[in-house]
Amino acid sequence: MSIAVVGSSNIDFAARVAKLPLPGQTVLAKEYKSGPGGKGCNQALAVARLGASPVFISKIGDDLLGNQLVSTLTNEGIDTSHLIITDAAQTGTALISIDTIGENMITVVGGANMTMTRGDLHEKQDCLRDCDYLLLQLECPVVAVDCAIKYAREGRAKIILDPAPVPDHMVIRDLLTLTNIVTPNSSECLAMTGIEPIDMATATDAANKLHEMGPETVIIKMGSKGAFYSSDGQTGLVSSFAVSAIDTVGAGDCFNAGLAVALDSGQSIADAVRFACATGALSTTRNGAADAAPNREQVLELLAEPA
Ligand code: RIB
């Protein structure tokens, strides 16, 4: 069984602020921390910490930040041979502000991520055809995402698409016809369906709209309200885990990593969503994005705690 991740790699620069700035406002922060980020890198690193060996396809610049990402991934035991290195653009960066209640604002400078082409994916077609699950997000060009999906579907892969950041409606509609499992958060779900998922009834309505667009499985990440799933006629709302959250950046990425690892090991959809919720929850208890991903033992420990 194998998991491939195609997506962005960034270095995140995160400042802690008392209050998020309003348009036109300057706010002061005491310090910033930098570390590995990007939705693709966060997912790949979390998959590795959960005990699987992801094939990670991502594009970085031939620069210091790119070298930093290669070292991080290598230290985590991730095969870096599928990284594409370009001298035509800088490694992606994300400028993040996080306030005292953990709310954040993120500006992504896509850089090398946005230069990923069909040709880049053509070079990787064999490993895409070989995977069982393909994790994708939308911080790389849609043509590249679409191409990765097409190669993976020539094999046996199930496609797990995180529609983040949520793009233009028409673009997402085309991708959804090729997606098996779609995993929006509440605001992405609202943007895609016009329905704000706030409980089982509204989540069910939104999921039905998403099913009509293609995916047979819909999972809606509803933060503290838990995660809703709808798959093959089964629906459920998995409660969130009570943790002391300090930084939610990358929590959705850890959720998707947990989901893929659990499904890849044969868990049912309900158990896999619970495993994903625990993975995402633990990541919020630490600072950083990829760095905050928990390992398998930590997730199993949280799952074993009495509710
Ligand atoms: O999902 C969180 C990620 O979004 C951050 O790591 C940042 O790099 C942006 O891509």
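One-based numbering, in listed order, for ligands and for the atoms of each.
Judged purely by atom type and a 3.5 angstrom limit, Glu123 has no side-chain atom pairing as donor or acceptor with the backbone of Asp120.
Heavy atoms of other residues, nucleotides or ligands lying less than 6.0 angstrom from CD of Gln90 number 12 at most. Counting non-hydrogen atoms of other residues, nucleotides and ligands closer than 6.0 Å to NZ of Lys33 gives a total of 12 or fewer.
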Which atom pairs, one a donor and one an acceptor, fall under 3.5 Å between side chains of residues 224-237 and the rest of the protein, sequence neighbours left out?
| unit_1 | atom_1 | unit_2 | atom_2 | d |
| --- | --- | --- | --- | --- |
| Ser230 | OG | His211 | NE2 | 2.7 |
| Ser231 | OG | Thr217 | OG1 | 2.9 |

*Going through the checks in order, is the side chain to side chain contact (heavy atoms under 4.5 Å, CB included) test met by Asp99 and Lys19?*
CA-CA 5 Å; Asp99 72 10; Lys19 266 189 140 187; 5.7 Å; no
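Listed by chain and number, residues touching ligand 1 at under 4.0 Å (heavy atoms only) are Asn10, Asp12, Gly37, Gly38, Lys39, Asn42, Ala94, Val108, Glu139, Val249, Gly250, Asp253, Ala289.
For the side chain to side chain contact (heavy atoms under 4.5 Å, CB included) with Leu50, the lone residue among Leu300, Val299, Ile3 that qualifies is Val299.
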